[in-house]
Amino acid sequence: MAKEKLTGSEILIKSLLAEGVDTVFGYPGGAITPVFDCMYDYQEELKHILVRHEQGATHAAQGYARVSGKTGVVIVTSGPGATNTITGIADAMMDSTPMVVIAGQMPSSMLGTDAFQETDVVGITLPITKWSYQIRRAEDVAWAVARAFYIASTGRPGPVMLDFAKNAQTEVAEFEYKKCNYIRSYNPYPKLEEETIKKAAEMINASKKPLLLIGQGVTLGGAEKEIITLMEKAQIPAATTLLGLSSIPTAHPLNMGMIGMHGNVAPNVMTNECDLLIAVGMRFDDRVTAVLDTYAKQAKKIHFDIDPSEFNKNVPVDLAVLGNSKESIAAVTEYVEKCERNEWLQMFNRPKAEEKAKVIDVEVSPQSGALKMGEVVNRVSHFTKNNAVVVTDVGQNQMMGVKYSGYSQPRSVITSGGLGTMGFGLPAAIGAKFGAPDRTVCLFVGDGGLQMTLQELGTIKAYGTNVKIVLLTNTVLGMVRQWQELFFNKRFSETDLANPDFIALAAAYGIKGRRVEKREDLDSAIEEMLQHEGSYLLEAVVEKEEMVFPMTPTGKSVNYVMLNRDEIYKL
């Protein structure tokens with residue numbers, strides 16, 4: 001039987017549909033027009049979300065992928081259209097987010113001539129993707145798409161770039177789609193070694209003071225239930241990284257909070273008190289370890305990860321367990337002995353109590369003065385019953401947003417971790433709502449970050465996307481200002497903002513909004529926001545001089561924790 005003959009553009013669309021894609025984010029242009037023309041005939045099967053900037057498309061695709069577990073898809077044109085995606089691609093690479101970016105390109109006959117809007121997209125993106133490939137022939141389209149989705153979504157996920165020459169979009173080729181499930185030299189699911197699993201269990205059983213560090217690899221591997229089973233069976237206290245936050249419920253008694261520069265006191269200081277550090281799906285980045293020379297030197301270390309390049313990269317470990325977290329954690333739990341570790345667990349009580357009294361209560365229950373960021377976040381979380389998808393931008397709003405929200409289900413935190421991208425929040429929240437339409441999506445964003453991708457309010461207007469935007473306005477670039485006060489002698493260089501009327505701006509896009517300055521108005525404003533059927537911008541005017549504490553400054557050990565401007569936690 002003769003195979004169907006189609007243009008390269010139609011082969012692309014049919015290949016996307018074969019991969020189960022139902023939503024793509026993008027922006028048209030000359031070099032990708034044939035694809036958008038073809039897309040016109042598939043509007044019912046494939047929803048295209050027209051963003052207002054290509055960077056917004058990548059962040060929206062990230063939000064979609066992170067909340068849904070699917071691969072995000074972006075389609076843009078050549079030249080500036082492609083280069084505008086670079087920040088989002090780099091962000092996805094750092095945070096292991098599955099994403100396929102398809103960019104138009106000049107016809108293959110014109111490559112290398114400096115034609116209008118020609119850019120070496122493959123060369124630019126090779127260092128920040130799992131795979132970057134240029135499609136020059138229509139007969140290669142289906143093969144490239146299948147390979148792209150396999151690479152992006154398997155093993156340690158990440159972004160893939162397909163540079164799609166215009167001639168390949170218009171040429172005709174036979175179409176037959178075969179999903180990719182094998183690539184020579186690429187082993188996304190390494191086989192567990194039984195002896196290594198047994199050794200890990202022996203180390204856990206021998207430990208008196210183990211500490212579990214949970215990274216995003218637990219969520220990416222779908223190992224949330226397995227990690228809780230291990231925690232409860234062996235009574236191991238656990239801490240999460242920023243991206244691992246919602247992998248275990250906030251209220252779980254063995255959840256000791258977040259580790260890192262602005263993490264909770266107890267897990268940070270106990271990192272240098274434990275006798276066994278068990279890291280799962282995390283990469284020991286500098287914000288977690290602080291000074292490496294003093295990081296957990298007293299402890300033996302086990303590292304569970306699917307990416308062998310992470311082993312011993314930053315922190316030397318005693319045992320590396322290569323494999324998918326769901327499989328490896330379940331396997332090791334079989335050999336772990338049930339036990340009680342009450343004395344060790346009690347050691348977390350004093351730092352937890354001191355942080356609550358000197359940091360948390362001060363932040364969420366102030367008796368006077370301006371509104372505080374943590375106070376606003378805490379009340380939003382209260383009214384959403386800890387069930388919302390929490391999206392943040394980057395800066396003080398990010399730390400306050402994730403720390404003072406509660407989580408009751410996985411895939412509830414979407415934030416830019418490794419790259420720390422200001423402007424991430426608004427488009428990521430839009431993508432998250434498309435990825436989880438039945439969940440409440442709350443964005444916490446600062447007045448600096450919001451203005452970096454403010455144009456995406458137009459995307460909300462166009463599609464009626466229901467995103468609850470909580471704008472924490474302090475008229476400064478808060479995190480930079482915090483560093484300027486603490487470490488640069490209060491030389492506040494270029495951190496003051498001259499802001500627009502955000503409520504009027506929202507209204508111009510058809511988005512209802514309200515500005516709150518008084519504490520007594522906060523709860524009613526939050527209730528109004530959550531009960532409103534569409535998108536809503538709640539602008540909370542917060543204290544300008546507020547800082548994020550606890551804090552472990554650069555150059556200090558993890559057990560050096562500032563509780564406020566003047567006080568260091570003492571063991």
Side chain to side chain donor-acceptor pair (under 3.5 Å) evaluation trace for T125 with S132: CA-CA 7 Å; T125 58; S132 190; 2.7 Å; yes
Check the pair L245, V390 against side chain to side chain contact (heavy atoms under 4.5 Å, CB included), reporting the backbone distance first and the verdict last. CA-CA 11 Å; L245 268 169; V390 174; over 6 Å; no
Evaluate side chain to side chain contact (heavy atoms under 4.5 Å, CB included) for R283 paired with M94, printing each intermediate quantity in order. CA-CA 10 Å; R283 56 190 178 86; M94 290 285 280; 4.2 Å; yes
Verdict with supporting geometry, V51 and H59, side chain to side chain contact (heavy atoms under 4.5 Å, CB included): CA-CA 10 Å; V51 295; H59 295 327; over 6 Å; no
Evaluation steps, side chain to side chain donor-acceptor pair (under 3.5 Å), between E539 and T473: CA-CA 7 Å; E539 181 182 13; T473 298; 2.9 Å; yes
Is there a side chain to side chain contact (heavy atoms under 4.5 Å, CB included) between V35 and I13 once you walk through the steps? CA-CA 8 Å; V35 169; I13 301 302; 4.3 Å; yes
Under the side chain to side chain donor-acceptor pair (under 3.5 Å) rule, what do D91 and S416 come out as? Steps first, then yes or no, please. CA-CA 7 Å; D91 195 294; S416 173; 2.6 Å; yes
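Annotation: E520, atom CD; neighbour count of heavy atoms from other residues, nucleotides and ligands within 6.0 Å is above 12. Heavy atoms from other residues, nucleotides or ligands lying under 6.0 Å from CD of E334 number 12 at most. Within 6.0 Å of the OH atom in Y27, the count of heavy atoms belonging to other residues, nucleotides or ligands does not exceed 12. Enclosure of atom NZ in K233 by more than 12 non-hydrogen atoms of other residues, nucleotides or ligands within 6.0 angstrom is indicated. Within a 6.0 Å radius of CZ in R514, more than 12 heavy atoms belonging to other residues, nucleotides or ligands are found.
Counting only heavy atoms from C-beta outward, the side chains of I75 and L16 approach each other to under 4.5 Å. Taking the side chain as every heavy atom from C-beta outward, S15 and F175 approach each other to under 4.5 Å. Here the side chains of L242 and Q398 are in contact, with some heavy-atom distance below 4.5 Å. The closest side-chain heavy-atom distance from V332 to V321 is not below 4.5 Å. Counting heavy atoms from C-beta on, the side chains of N386 and T250 never come closer than 4.5 Å. Considering only heavy atoms from C-beta on, K461 stays 4.5 Å or farther from I511 through its side chain. Within the 4.5 Å cutoff, no side-chain heavy atoms of V76 are placed close to those of I32. Between L426 and V445, every side-chain heavy-atom pair lies at or beyond the 4.5 Å cut-off.
The structure places CZ of F304 at 7.5 Å from CG of L230, a figure rounded to the nearest 0.5 Å. In this structure, CG on L213 lies 5.0 Å from CE on M282, to the nearest 0.5 angstrom. Atom OG1 of residue T465 and atom CD of residue E456 lie 10.0 Å apart, to the nearest 0.5 angstrom. We find the CD1-OG1 distance between I430 and T459 to be 5.0 Å, quoted to the nearest 0.5 Å. Remark: L450 CG to I469 CD1 distance equals 7.0 Å, nearest 0.5 Å. Rounded to the nearest 0.5 Å, atoms CD1 (I248) and CD (E224) are 10.5 Å apart.
For R52 (side chain) and L50 (main-chain N/O), a donor-acceptor pair under 3.5 Å exists by modelled atom type. Although no hydrogens or angles enter the test, the distance criterion places a donor-acceptor pair under 3.5 Å between the side chain of N264 and the main chain of M258. Distance alone, capped at 3.5 Å, places no donor-acceptor pair between the N474 side chain and the V542 backbone. Between the side chain of Y407 and the backbone N or O of V402 there is at least one donor-acceptor pair closer than 3.5 Å. Side chain of S524 to backbone of D521: a donor-acceptor contact under 3.5 angstrom is found. In terms of modelled atom types and a separation under 3.5 Å, the side chain of R156 and the main chain of G217 share no donor-acceptor contact. Checking side-chain atoms of S9 against main-chain N and O of Q169 turns up a donor-acceptor pair under 3.5 Å. With K468 contributing its side chain and G534 its backbone, the two residues share a donor-acceptor pair below 3.5 Å. Here the side chain of S381 pairs no donor or acceptor atom with the backbone of N378 at under 3.5 angstrom. In this structure a side-chain-to-backbone donor-acceptor pair under 3.5 Å is present from Q235 to E232.
Between V377 and G401, the shortest heavy-atom contact is CG1-O, 3.6 Å. Minimum interatomic distance between S246 and R411 (heavy atoms only, all atoms of both residues): OG-N, 3.4 Å. Closest of all the heavy-atom pairs between M231 and L254 is O-CD1, 3.4 Å. In terms of heavy-atom proximity, P190 sits nearest to I306 at CD-CG1, 4.1 Å. Closest approach of A146 to C180, counting heavy atoms only: O-CB, 3.5 Å. Residues F164 and G8 approach most closely at CZ-O, 3.7 Å, considering heavy atoms.
Under the rule for a salt bridge (charged side-chain N to carboxylate O under 4.0 Å, His left out), E527 has no partner lying at least two apart in sequence or in another chain.
Comment: E543 engages K372 in a salt bridge, judged by a side-chain N to carboxylate O separation of less than 4.0 angstrom. A salt bridge does not link E363 to K403: none of the charged nitrogens lies less than 4.0 Å from a carboxylate oxygen.
Aromatic ring centroids of W131 and Y150 lie 6.0 Å or more apart.
In this model, a donor atom of one side chain and an acceptor atom of the other lie less than 3.5 Å apart for K130 and Y186. Looking only at atom types and distance, the side chain of S412 has no donor-acceptor partner in the side chain of Q409 under 3.5 Å away. In this structure, a donor-acceptor pair under 3.5 Å is absent between the side chains of Q216 and D95.
Just one residue in the list Y42, F36, Y40, F434 forms a ring-ring contact (aromatic ring centres under 6.0 Å, His included) with H48, and that residue is F36.
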